[in-house]
Amino acid sequence: MLDNLPRGTICIEDIEIGMMRYLRKVVTDEDIEMFAQISTDHNPVHLDDDYARDTIFEGRIAHGMLTAGLISAVIGEQLPGHGTVYMGQSLKFLAPVRPGDMVYAEVKVTDIEFSKRRVKMDCHCSVDGKKVLIGEATVLAPSRKFD
Ligand SMILES: C[C@@H](O)CC(=O)SCCNC(=O)CCNC(=O)[C@H](O)C(C)(C)COP(=O)(O)OP(=O)(O)OC[C@H]1O[C@@H](n2cnc3c(N)ncnc32)[C@H](O)[C@@H]1OP(=O)(O)O
């Protein structure tokens, strides 16, 4: 029995199709440098201005997985929230995120399997209204009945 659920956690019993949550975050140079350190992905398209200027992006861009991390943050902090377990996540990176971009990350419930506590959600991130990432998440949601 989970009796100390943090505020913001939405248990499987309360999840409904169509529920939606989002966050907004500016992706900074510091975020990209920290992500390179943590992930050990030092691809120069993210870190080296001179290198990145000569790529199709004509400048540095954020790691795709950094942007995808904002989807994880919405899921882990809001819907379903703390106690959620990621089971799967598809991702398509449609357009680059550049340092200084404000990213809007949204998840929306599309399917619920109450007996298995499984929830599917459409996910996307956008910058200035343009989709930069789309995907689908499958998660194991917390329950009031089981921990
Ligand atoms: C490993 C790390 O170190 C590296 C990174 O993290 S890089 C950062 C993450 N990736 C990105 O930021 C890339 C973002 N995507 C893009 O900039 C573009 O999608 C692209 C340059 C990869 C491709 O652009 P382009 O060649 O111009 O393609 P179109 O937009 O014209 O689309 C043509 C068709 O392809 C489909 N499509 C485009 N992108 C994707 C994708 N990511 N996955 C699947 N399909 C994609 C698009 O829908 C079009 O299809 P259609 O049927 O012809 O309409």
Side-chain angles (χ1 to χ4, degrees), residues 5-143 147:
L5 287 166
R7 258 187 296 177
T9 298
I10 305 173
C11 288
I12 187 74
E13 294 82 359
D14 302 317
I15 294 176
E16 295 171 11
I17 289 181
M19 271 183 166
M20 182 272 272
R21 292 292 185 275
Y22 66 89
L23 65 72
R24 284 193 181 89
K25 180 185 161 35
V26 174
V27 172
T28 65
D29 281 325
E30 193 185 8
D31 292 329
I32 294 170
E33 283 157 20
M34 283 196 294
F35 191 85
Q37 290 295 324
I38 293 162
S39 66
T40 74
D41 179 352
H42 295 96
N43 183 337
V45 75
H46 309 302
L47 302 168
D48 183 332
D49 280 320
D50 291 336
Y51 177 94
R53 205 174 294 122
D54 291 337
T55 67
I56 53 167
F57 301 114
E58 300 178 336
R60 287 188 299 108
I61 60 169
H63 300 76
M65 298 309 282
L66 193 168
T67 308
L70 300 180
I71 295 291
S72 176
V74 179
I75 291 171
E77 293 285 348
Q78 299 189 54
L79 180 62
H82 294 192
T84 303
V85 176
Y86 238 146
M87 295 179 69
Q89 175 75 61
S90 67
L91 295 169
K92 281 186 183 177
F93 301 104
L94 300 180
V97 172
R98 299 175 189 279
D101 279 350
M102 165 82 80
V103 177
Y104 169 87
E106 177 189 299
V107 306
K108 188 187 268 188
V109 175
T110 56
D111 192 52
I112 310 167
E113 201 175 344
F114 287 100
S115 62
K116 292 186 174 170
R117 292 195 280 141
R118 288 182 192 178
V119 180
K120 283 195 194 310
M121 291 180 281
D122 275 348
C123 315
H124 78 265
C125 293
S126 58
V127 173
D128 294 332
K130 178 185 168 120
K131 283 190 181 165
V132 295
L133 175 160
I134 57 172
E136 185 186 59
T138 306
V139 304
L140 188 60
S143 168
D147 58 22

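No experiment lies behind these values; they were computed from the predicted model shown. First listed ligand is number 1; within each ligand, the first listed atom is number 1.
When the shell of 6.0 Å around CE of Met65 is examined, it contains 12 or fewer heavy atoms from other residues, nucleotides or ligands. Other residues, nucleotides and ligands place no more than 12 heavy atoms under 6.0 Å from the CD atom of Glu58.
Nearest heavy-atom pair across Ala52 and Pro44 is CB-O, 4.4 Å. In plain terms, the two heavy atoms of Cys125 and Val103 that are nearest each other are CB-CG1, 3.9 Å. Heavy-atom minimum distance, Leu23 versus Gln78: CB-NE2, 4.2 Å.
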Do any nitrogen or oxygen atoms of ligand 1 lie under 3.5 Å from a protein nitrogen or oxygen, and which ones?
unit_1: ligand 1; atom_1: 3 (O); unit_2: Asp41; atom_2: OD1; d: 3.4
unit_1: ligand 1; atom_1: 3 (O); unit_2: Asp41; atom_2: OD2; d: 2.7
unit_1: ligand 1; atom_1: 3 (O); unit_2: Asn43; atom_2: ND2; d: 3.0
unit_1: ligand 1; atom_1: 3 (O); unit_2: His46; atom_2: NE2; d: 2.9
unit_1: ligand 1; atom_1: 6 (O); unit_2: Gly64; atom_2: N; d: 2.8
unit_1: ligand 1; atom_1: 15 (N); unit_2: Phe93; atom_2: O; d: 3.0
unit_1: ligand 1; atom_1: 15 (N); unit_2: Leu94; atom_2: O; d: 3.3
unit_1: ligand 1; atom_1: 15 (N); unit_2: Ala95; atom_2: N; d: 3.3
unit_1: ligand 1; atom_1: 19 (O); unit_2: Leu94; atom_2: O; d: 2.9
unit_1: ligand 1; atom_1: 42 (N); unit_2: Phe93; atom_2: O; d: 2.5

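Here the CZ atom belonging to Arg60 is positioned 14.0 Å from the OH atom belonging to Tyr51, to the nearest 0.5 angstrom.
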